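Read the structure below first, then the notes.
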Amino acid sequence: MEQQETLFNRIGGMDAVNSAVDIFYDKVLADETIKHFFTNTDMKKQAGKQKAFLAYAFGCPMGYTGKSMRDAHSGMNLTESHFNSVAGHLVDTLEELNVPGSLIDEVVKIALSVKDDVLNR
Ligand code: HEM
């Protein structure tokens with residue numbers, strides 16, 4: 001079988017991740033249903049962590065050294081609806097960046113794979 005390029009490279013590498021995270025966080029912070037979670041968050045640091053996490057999730061060889069998804073979101077009482085809002089903003093962001101649907105599907109798969117950890121269940 002032909003060697004498959006990582007999702008990270010196919011999506012456009014670190015430049016794409018950087019643009020995605022910036023647009024993504026603007027959407028999250030404009031969303032009345034979830035923005036309160038980020039009241040005490042230093043968004044500069046958070047965007048940096050998210051970039052590292054996404055790069056890792058997209059298959060970039062550099063390691064993710066932040067908290068586990070379970071620890072990072074414990075005690076927040078996050079619901080399915082909060083998760084869906086965040087996932088929706090991520091998809092909208094990638095669509096705005098003209099990322100092909102098949103690649104967006106792969107990102108959604110990765111997001112769903114950490115859903116139980118994010119929701120601490
Ligand atoms: C696929 C879904 C998600 C991913 C990949 C993700 C990723 C991350 C990452 C990488 C961190 C930083 C961890 C660290 O401190 O090392 C984090 C923290 C956080 N996330 Fe998420 N997250 C997701 C869903 C959500 C949802 C649904 C919410 C709330 C609506 C949320 C709110 C937060 C908050 C408030 C923090 C802590 C920020 C702080 O330290 O001040 N996340 N998340």
Side-chain angles (χ1 to χ4, degrees):
M1 203 171 82
E2 197 184 314
Q3 173 94 37
Q4 174 76 289
E5 266 274 37
T6 60
L7 178 57
F8 177 79
N9 282 335
R10 284 177 290 140
I11 237 165
M14 209 58 219
D15 286 350
V17 171
N18 285 340
S19 324
V21 167
D22 292 340
I23 299 173
F24 172 63
Y25 268 103
D26 286 347
K27 290 185 188 299
V28 167
L29 293 183
D31 185 336
E32 299 292 337
T33 69
I34 51 173
K35 69 177 193 186
H36 59 280
F37 287 109
F38 298 91
T39 313
N40 296 315
T41 297
D42 176 340
M43 292 313 284
K44 258 205 179 122
K45 278 192 197 154
Q46 178 67 4
K49 287 177 184 174
Q50 197 84 23
K51 279 172 189 172
F53 176 82
L54 281 177
Y56 166 78
F58 290 175
C60 178
M62 69 171 77
Y64 171 72
T65 55
K67 293 179 188 163
S68 73
M69 289 299 97
R70 186 167 289 277
D71 288 349
H73 303 93
S74 69
M76 289 171 58
N77 291 316
L78 292 177
T79 65
E80 187 98 23
S81 141
H82 298 134
F83 184 90
N84 290 341
S85 297
V86 166
H89 292 313
L90 184 56
V91 169
D92 289 348
T93 299
L94 298 177
E95 280 174 354
E96 271 176 39
L97 290 169
N98 295 317
V99 171
S102 59
L103 298 188
I104 296 178
D105 288 349
E106 291 185 46
V107 174
V108 168
K109 239 184 231 164
I110 292 167
L112 289 178
S113 76
V114 298
K115 180 171 168 179
D116 283 349
D117 287 337
V118 168
L119 299 184
N120 272 256
R121 60 186 194 192

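Note that ligands are numbered from 1 as they come in the structure, with each ligand's atoms numbered from 1 the same way. Given the structure is predicted, the values throughout are model-derived calculations rather than measurements.
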For [atom], what's the nearest protein heavy atom and its distance?
atom	answer
atom 9 (C) of ligand 1	M69 CE, 3.7 Å
atom 39 (C) of ligand 1	T41 OG1, 3.6 Å
atom 28 (C) of ligand 1	L78 CD1, 3.8 Å
atom 15 (O) of ligand 1	K49 NZ, 2.9 Å
atom 2 (C) of ligand 1	F83 CE1, 3.8 Å
atom 24 (C) of ligand 1	V118 CG1, 3.7 Å
atom 42 (N) of ligand 1	H73 NE2, 3.0 Å
atom 11 (C) of ligand 1	Q46 NE2, 3.7 Å

Distance in Å, [X] [atom1] paired with [Y] [atom2], rounded so as to fall on 0.5 Å steps:
X	Y	atom1	atom2	answer
D26	H89	CG	NE2	11.0 Å
L29	T39	CG	OG1	9.5 Å
I11	S19	CD1	OG	11.0 Å

Legend entry - Pair V118-V86, side-chain contact (heavy atoms from CB on, under 4.5 Å): steps then yes or no: CA-CA 11 Å; V118 168; V86 166; over 6 Å; no
What atoms in ligand 1 come closer than 4.0 Å to a heavy atom of [X]?
X	result
A72	13 (C)
G66	16 (O)
I34	30 (C)
V86	26 (C), 27 (C), 30 (C)

Inset, instruction - Taking atom CG of D105 as the centre, report whether more than 12 heavy atoms of other residues, nucleotides or ligands fall under 6.0 Å from it. - result: yes
Inset, instruction - Assess M76 for proximity to ligand 1: is some non-hydrogen atom of it under 4.0 Å away? - result: yes
Inset, instruction - Kindly confirm or rule out an N or O of K67 lying under 3.5 angstrom from an N or O of ligand 1. - result: yes
Legend entry - Any N or O of H82 closer than 3.5 Å to N or O of ligand 1: no
Inset, instruction - Would you mind finding which of Q50, K45, K51 brings a heavy atom closest to atom 8 (C) of ligand 1? - result: Q50
Do the side chain of [X] and the main chain of [Y] share a donor and acceptor less than 3.5 angstrom apart?
X	Y	value
N120	D117	yes
H82	T79	yes
R70	L119	no

Legend entry - Exercise: identify the closest heavy-atom pair between T33 and S85: OG1-OG, 3.8 Å
Legend entry - Nearest heavy atoms of E32 and H36, plus distance in Å: O-ND1, 4.2 Å
